[in-house]
Amino acid sequence: MNVATRTLTQALRRLSFTFATDGSHAACLASSADSGWYVESWRLPPDGAPAAPIALPLPGNRSESLRSQLVALPDGSVLVCRHDGERHDLVRLHYGETATVEQPLASLRMAGLRLLPLPVPAGAGPRAPVAVALGTDTRPATTAWLVRTDGSEPERVAEIPGLHGGGAWLDHTGALLALDRVNAGLVRSVVLDLRTGAATPLLEIGERSNDRLVLFDPDSRFAMVRSDAPGTDRLGWGVLGGGEPLRFPECLHVAGMFLRPVALRRGPDGPRVAVQIDHGAGSALALWRPSVGRLEPLPVPPGRLGAVGRWDAAGLRLPYSSPDHPAALATLDVDALLAHGPVPAGTGPMPLPLQLAPLSSGLPGPWRDTVLPWQPGAARPPRTPPPGWRLDGSTPPGEGGRWQPAQSLELAGPAGPLEAVVYGGDAWLSSPHLVLALHGGPADAWRLEFDPALQRMAAEGLAVVAPNQRGSTGYGVPHALAIRGAWGGPDLDDVLYLLDGIAGQRAALGLEPPALFGVSYGAFLALLAAAHAPAGQVARCAVVAPFLSGARLLAEAAPPVRALTTRLGGGEQIADARGPRDVLQLAHRLSAPLLVVHGNRDEVVPVGQSRSLRHELLRIGRIEGEDFRYVEAAGSGHEVLVEEGAAVLHELLAAFLRTGRPG
């Protein structure tokens, strides 16, 4: 079996997609059902033929870090930057005759480092630089190096004041780079000339506005920008240096949605921009043309797009994933999708009490797939891919199997509707076993994408309800900030409300109550919910990498985690009738069967948090192996459910959540 075939049949998770500047290749991080992470290189045929991934597993059975940065190169090799504290190792990976060849290039020491692919002109020799490395240290300054793959040391070309993000090339030769400079509380785009090392202003729209360049075409000088100069942060466009002011059309500002230009291609009618529209769990896609002056929806299947793209004569290529399609590369014929016409009109989702949920397949009811209402009278995404859509490299299930689908539903919550990703079909509420799954973060959310852990639960016959309670991202600032300084406050209210409704309906049907599952922050929330829920509302509880309270996490975590916890107000106490949100003080109220899983090398939530919970459970007389089970995953970090050996844990969790037997 060759490497390309092995990758096509095994890769279940893919992330960090990047495209070569000439569009010939892409690269990503990938993992299979039971392996660590490795690099994939994708060949993108210019005739639009299917994209083909080739695995680049590391010699010695080593795994790539999830934090590694990738740059896809035109020759199919991949430049990788690996981070270890302030040390950043640059290597080049390519496939040799029988195995991956790993070529060390250089190491740089800085507080932070990131790579940007550099346009490689046609005919450039082996000495041509392929990337720019931007480094920051303790000073408010950014250093730029040119990186080559011939084994020479990176060439330092500039040091400019301020911290810089973003990155868009203003020419085809890799000389002029637009960056977003953070200075005095403002973000402004500047131009870094890599030939001279000088930086000059590019965008200064308002006196105190934050202005960023997000997309640029060097030939026409057409630009898309993001700025709050109009009063709110929104997208605008113009021709840089053309003498006309930038424009901020209303169609590019949709309340509650995040519009992200992902690719640009010039057409006979002028620039054409593919715009990804994110709201909640899913993504939509639209075409925007200045000549037309409106967003034109493209009928793509429900799921999640990857926020990057490449558009050329072969088509528009985008990363895509859905609950029953592992992440891969989609190729779109935009004109064919436009010609397909609008999909049937639908209305937005209606929040309903759980009493109206359908209890058997085929029953009528107002529950429906969530529609992204980014325009009035939004069209419902198609259930089957329309002409002009193709997904390359998505791993099929094993022989005779099938990936379990999920839908996006809106459930009524105590303070407004809550979106949830739900496995189990229309009859999810009456499934013999049901799991309420809580995501980590807290600044995160469940997405309408492939998730191996939830997929394994669904394959075991478990219905899964994965809500995006208050504190989740993707629903606007008020929803995300509702738990700032109130961890275990409004979000716990939402979870207990859902738990009460689901448990009550299931009790009326003679079914067991739901189980709870959570990871990291979601594990903390699941333990709080299990402790505060009335007796009989929780069948069992499985948690992965939990912490016990914000204060206890602050006392033990590494400095970056402490800084994030402080910024989110995790250490602040809530004064209400529920008392302290401290799992250790509530351990005596954890009566449902409990499974605790933690990696013993967790760099985010120290394993001491779970060990303390185990010791407290033993102290109060709980019997390990009967009342609870404790599992430390040797050698695993915080991402224990996506690291090597994760498939065993997926099976353990699914079996426990279905049966409740800890042993």
Side-chain angles (χ1 to χ4, degrees), residues 10-16 28-38 63-68 281 304 321 323-324 326-327 395 403-404 406 421 423 435-460 462 464-468 472 515-527 540-547 561 594-607 609-610 613 629-658 662:
Q10 290 192 355
L12 292 184
R13 298 196 63 156
R14 293 184 173 109
L15 48 81
S16 301
C28 69
L29 289 171
S31 70
S32 64
D34 198 24
S35 76
W37 292 88
Y38 56 89
S63 294
E64 198 66 65
S65 168
L66 273 171
R67 297 178 58 239
S68 294
R304 194 74 182 183
S321 175
D324 53 354
T395 300
W403 297 129
Q404 302 298 315
V421 176
Y423 294 76
V435 177
L436 190 63
L438 306 178
H439 65 73
D444 202 350
W446 293 112
R447 310 296 185 194
L448 202 61
E449 61 190 4
F450 190 86
D451 186 295
L454 300 188
Q455 188 65 222
R456 186 69 183 87
M457 294 176 196
E460 283 282 330
L462 295 159
V464 180
V465 178
N468 287 331
S472 304
L516 283 169
F517 165 70
V519 179
S520 191
Y521 184 91
F524 162 68
L525 196 57
L527 290 169
R540 55 201 69 98
C541 181
V543 293
V544 178
F547 60 87
V561 179
L594 177 65
L595 171 63
V596 180
V597 177
H598 214 127
N600 69 346
R601 294 185 179 178
D602 193 326
E603 70 286 358
V604 177
V605 178
V607 68
Q609 298 279 301
S610 286
L613 177 58
R629 183 175 179 183
Y630 177 78
V631 177
E632 274 192 21
S636 294
H638 190 62
E639 302 292 338
V640 62
L641 293 184
V642 298
E643 297 177 8
E644 191 166 359
V648 175
L649 296 178
H650 295 168
E651 185 174 351
L652 172 68
L653 289 165
F656 174 82
L657 289 167
R658 183 170 56 85

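- When every heavy atom of Ala458 is checked against every heavy atom of Tyr423, the shortest pair comes out as CB-CD2, 3.8 Å.
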Working for side chain to side chain contact (heavy atoms under 4.5 Å, CB included), residues Leu454 and Val421: CA-CA 10 Å; Leu454 300 188; Val421 176; 5.8 Å; no

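- Listed here is the closest heavy atom pair of Val605 and Ser520: CG2-OG, 4.1 Å.
- Within the 4.5 Å cutoff, the side chain of Val642 has no heavy atoms near those of the Ser31 side chain.
- Residues that satisfy the side-chain contact (heavy atoms from CB on, under 4.5 Å) test with Ala526, not counting sequence neighbours, are Leu438, Leu516, Cys541, Val543.
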Side chain to side chain contact (heavy atoms under 4.5 Å, CB included) evaluation trace for Arg629 with Leu652: CA-CA 11 Å; Arg629 183 175 179 183; Leu652 172 68; 3.3 Å; yes

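- The closest donor-acceptor contact from the side chain of Asp324 to the backbone of Gln404 lies at 3.5 Å or more, if one exists at all.
- Atom NE2 of His650 sits about 8.0 Å away from atom CE of Met457, to the nearest 0.5 Å.
- Residues forming a side-chain hydrogen bond (donor to acceptor under 3.5 Å, both in side chains) with Ser610 (at least two apart in sequence, or on another chain): His598.
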Atom pairs and distances, donor-acceptor, side-chain atoms in residues 441-450, under 3.5 Å, two or more places apart:
from, atom 1, to, atom 2, distance (Å)
Trp446, NE1, Ala437, O, 3.1
Arg447, NH1, Gly280, O, 3.0
Arg447, NH2, Thr473, OG1, 3.3

Leu641 and Val597: CA distance, side-chain angles, deciding distance, side chain to side chain contact (heavy atoms under 4.5 Å, CB included) verdict: CA-CA 10 Å; Leu641 293 184; Val597 177; 5.8 Å; no

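- A distance of 10.5 Å separates OG of Ser321 from CZ of Arg304, quoted to the nearest 0.5 Å.
- When all heavy atoms are compared, the tightest approach of Pro326 to Ala11 is CB-O, 4.3 Å.
- With sequence neighbours left out, the side-chain contact (heavy atoms from CB on, under 4.5 Å) criterion links Ala542 to Phe517, Leu595, Leu653, Phe656, Leu657.
- In this structure, the side chains of Leu15 and Leu66 come closer than 4.5 Å at one or more pairs of heavy atoms.
- Applying the salt bridge (charged side-chain N to carboxylate O under 4.0 Å, His left out) rule to pairs touching residues 632-656 yields Arg611-Glu632, sequence neighbours excluded.
- Annotation for His439 and Ser472: closest pair NE2-OG, 2.7 Å, computed over non-hydrogen atoms.
- For the side-chain contact (heavy atoms from CB on, under 4.5 Å) test, residues two or more places apart in sequence or in another chain that qualify with Arg67 are Ser65, His83.
- Between atom CZ of residue Arg13 and atom CG of residue Leu29 there is a gap of 11.5 Å, rounded to the nearest 0.5 Å.
- Side-chain contact between Leu527 and Leu613 is present, with heavy atoms from C-beta onward closer than 4.5 Å.
- Across all non-hydrogen atoms, the minimal contact from Ala327 to Arg14 is O-NH1, 2.7 Å.
- The shortest non-hydrogen separation linking Asp602 to Val604 is OD1-N, 2.8 Å.
- In terms of modelled atom types and a separation under 3.5 Å, the side chain of Trp403 and the main chain of Thr395 share a donor-acceptor contact.
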